[in-house]
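Below you'll find the structure, written out as structure tokens, and then a few comments.
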Amino acid sequence: MSQLLEKINKEHLPRHIAIIMDGNGRWAKEQGQDRLYGHFHGVESVRNIVEGCAELKIEYLTLYAFSTENWDRPEYEVIGLMELLVSTIRKEVESLHKNNIRLHVIGDMNMLPEYARQELNEALDFTKDNTGLNLIMALSYSGRWELLNAVKNIAYEVKQGKLTVEEIDQDTLQRYLCTSGFPDPELMIRTSGEYRISNFLLYQLAYAELYFTNVRWPDFRKENLYEAILDFQNRERRFGKTSEQLISG
Ligand code: IPE
Ligand code: IPE
Ligand code: MG
């Protein structure tokens with residue numbers, strides 16, 4: 001067994017890990033290849049990390065696969081990514097199911113091409129009764145899009161008389177986010193040496209521990225995940241309190 005894995009305290013695992021899978025394009029360029037070659041290899045990392053999380057019995061894994069802003073990339077890359085998404089889902093759905101993994105999608109599904117939406121819906125339905133790892137794919141997702149959407153839907157309910165302004169509290173807002181039903185991530189990992197959130201889970205990451213690594217996504221493997229979890233386990237999460245308050249419980 002891996003030495004890093006042995007060091008992990010299994011009683012103190014994050015329930016929810018969120019990852020910004022970044023660096024595919026640079027990884028490919030560094031090898032004189034096309035950006036799509038990087039995305040293609042990124043799928044192997046997804047497989048490996050999903051397996052790693054399932055083995056550790058992590059409850060939720062959210063992967064940022066495509067942002068609202070990524071629609072503005074060159075057309076060939078957007079189409080390539082959509083095709084890769086569809087072929088990957090088709091190839092992996094059986095194995096997700098065998099491993100008791102439930103697939104979820106957050107994001108603006110209406111923006112996706114019809115063939116992609118259909119493939120996803122089938123996979124969502126196929127895995128809906130699974131009780132192991134919840135694999136949440138953020139697709140055509142951004143935090144600002146999600147918050148805007150929530151505000152609009154809340155306003156609509158008020159207008160319809162189903163909700164009063166006084167009733168709106170933090171629980172109400174949570175319910176209107178795409179992630180209602182999922183706990184907030186305790187650990188957020190970003191690969192490839194960028195130190196930003198890039199419109200990911202803006203509301204949900206309020207108290208997440210952030211972990212940045214220079215490793216490009218196509219090179220990211222279970223060992224790198226274990227390092228991130230170990231780093232997380234060495235942090236003191238104070239939630240605004242003092243260290244002394246935490247010790248005295
Ligand atoms: C992340 O890799 C995957 C997506 C955003 C779809 P990038 O494509 O952003 O790769 P870099 O950051 O340009 O290297
Ligand atoms: C964030 O990465 C989105 C995904 C990983 C899907 P980007 O590569 O799009 O983010 P920026 O442009 O570096 O902020
Ligand atoms: Mg990038």
Side-chain angles (χ1 to χ4, degrees), residues 16-50 52-53 60-89 91-92 103-113 115-117 119-120 135-149 177-179 182 185 187-205 208 210-221 224-225 228:
H16 186 172
I17 299 176
I19 306 182
I20 302 180
M21 310 185 287
D22 197 18
N24 296 353
R26 278 164 286 161
W27 184 87
K29 287 274 155 187
E30 280 152 13
Q31 312 187 34
Q33 301 277 356
D34 184 79
R35 293 177 59 83
L36 284 177
Y37 180 80
H39 297 315
F40 186 75
H41 279 269
V43 175
E44 194 48 47
S45 306
V46 172
R47 209 176 280 130
N48 192 271
I49 296 312
V50 167
C53 285
Y60 301 87
L61 171 67
T62 299
L63 298 177
Y64 203 6
F66 194 85
S67 74
T68 306
E69 289 74 23
N70 289 151
W71 289 113
D72 294 330
R73 289 194 178 188
E75 197 184 350
Y76 94 95
E77 184 171 347
V78 171
I79 293 174
L81 278 165
M82 288 301 136
E83 284 172 357
L84 184 62
L85 169 73
V86 170
S87 64
T88 304
I89 301 265
K91 255 190 254 155
E92 299 298 324
L103 185 71
H104 305 262
V105 177
I106 56 171
D108 190 356
M109 291 273 277
N110 292 326
M111 288 287 287
L112 297 175
Y115 69 95
R117 198 163 42 230
E119 194 70 35
L120 276 167
L135 172 61
I136 305 152
M137 297 296 294
L139 280 172
S140 189
Y141 171 88
S142 70
R144 287 186 175 179
W145 166 82
E146 177 184 44
L147 288 167
L148 179 64
N149 213 33
L177 299 176
C178 304
T179 51
F182 309 141
L187 171 62
M188 196 286 280
I189 300 170
R190 182 169 190 154
T191 59
S192 91
E194 303 297 352
Y195 299 85
R196 52 178 174 263
I197 307 281
S198 299
N199 222 344
F200 192 36
L201 302 173
L202 294 178
Y203 186 86
Q204 298 86 339
L205 291 177
L210 308 181
Y211 179 87
F212 298 96
T213 169
N214 288 331
V215 176
R216 308 261 194 248
W217 179 250
D219 287 329
F220 196 84
R221 289 293 179 274
N224 307 102
L225 173 73

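None of the values given here were measured: they were computed from a predicted structure. Atoms considered below: every heavy atom in the structure, side chains included; atoms not considered: hydrogens, waters and symmetry mates. Remember, it's 1-based here, ligands and their atoms both numbered in the order they're listed. One-based numbering along the sequence shown.
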Side chains of [X] and [Y]: closer than 4.5 Å at any heavy-atom pair?
X      : Y      : result
Asn149 : Asp108 : no
Met188 : Ile20  : yes
Phe66  : Val78  : yes

Would you check the N or O atoms of [X], main chain and side chain alike, for any that come under 3.5 Å of an N or O of ligand 1?
X     : result
Asp22 : yes
Trp27 : no
Leu81 : no

Have a look at ligand 2 and work out which part of Arg73, if any, has a heavy atom under 4.0 Å from it: side chain, backbone, both or neither.
-> side chain
Pull out every atom of ligand 2 sitting under 4.0 Å from any heavy atom of [X], numbered as shown with elements.
X      : answer
Arg196 : 11 (P), 13 (O), 14 (O)
Asn70  : 3 (C), 6 (C), 9 (O)
Phe66  : 6 (C)

How about atom 9 (O) of ligand 2: does it have a protein heavy atom within less than 4.0 Å?
->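 Given the 4.0 Å cut-off, atom 9 (O) of ligand 2 counts as touching protein heavy atoms.
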For [atom], which protein heavy atom lies nearest, and how many Å away is it?
atom                    : answer
atom 1 (C) of ligand 1  : Met21 O, 3.0 Å
atom 11 (P) of ligand 2 : Ser198 OG, 3.6 Å
atom 6 (C) of ligand 1  : Ala65 O, 3.3 Å
atom 2 (O) of ligand 2  : Arg190 NH2, 3.6 Å

Parallel, tilted or perpendicular: rings of Trp27 and Tyr37 (30°, 60°) = parallel
Does the ring centre of Tyr60 sit less than 6.0 Å away from the ring centre of His104?
-> no
Any N or O of Ser67 that comes nearer than 3.5 Å to an N or O of ligand 2?
-> no
Quick check: does Tyr64 get an N/O under 3.5 Å from an N/O on ligand 2?
-> no
Look at the N, O or S atoms of Asp22, main chain and side chain alike, and state whether any lies under 2.8 Å from the Mg ion (ligand 3).
-> yes
Scan side-chain atoms only and decide if [X] and [Y] contain a donor-acceptor pair under the 3.5 Å cut-off.
X      : Y      : answer
Asn70  : Ser67  : yes
His16  : Gln204 : no
Ser45  : Arg221 : yes
Ser192 : Trp217 : no
Arg190 : Thr213 : no

Numbering the atoms of ligand 1 from 1, which are under 4.0 Å from a heavy atom of Arg26?
->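 Those qualifying, in numeric order: 11 (P), 12 (O), 14 (O).
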Does some non-hydrogen atom of Gly23 fall short of 4.0 Å from ligand 1?
-> yes
Heavy-atom nearest neighbour of atom 13 (O) of ligand 1 within options Glu194, Glu30, Arg35 | Arg35
Do the side chain of Arg117 and the main chain of Met109 share a donor and acceptor less than 3.5 angstrom apart?
->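 Confirmed, Arg117 side chain pairs with Met109 backbone.
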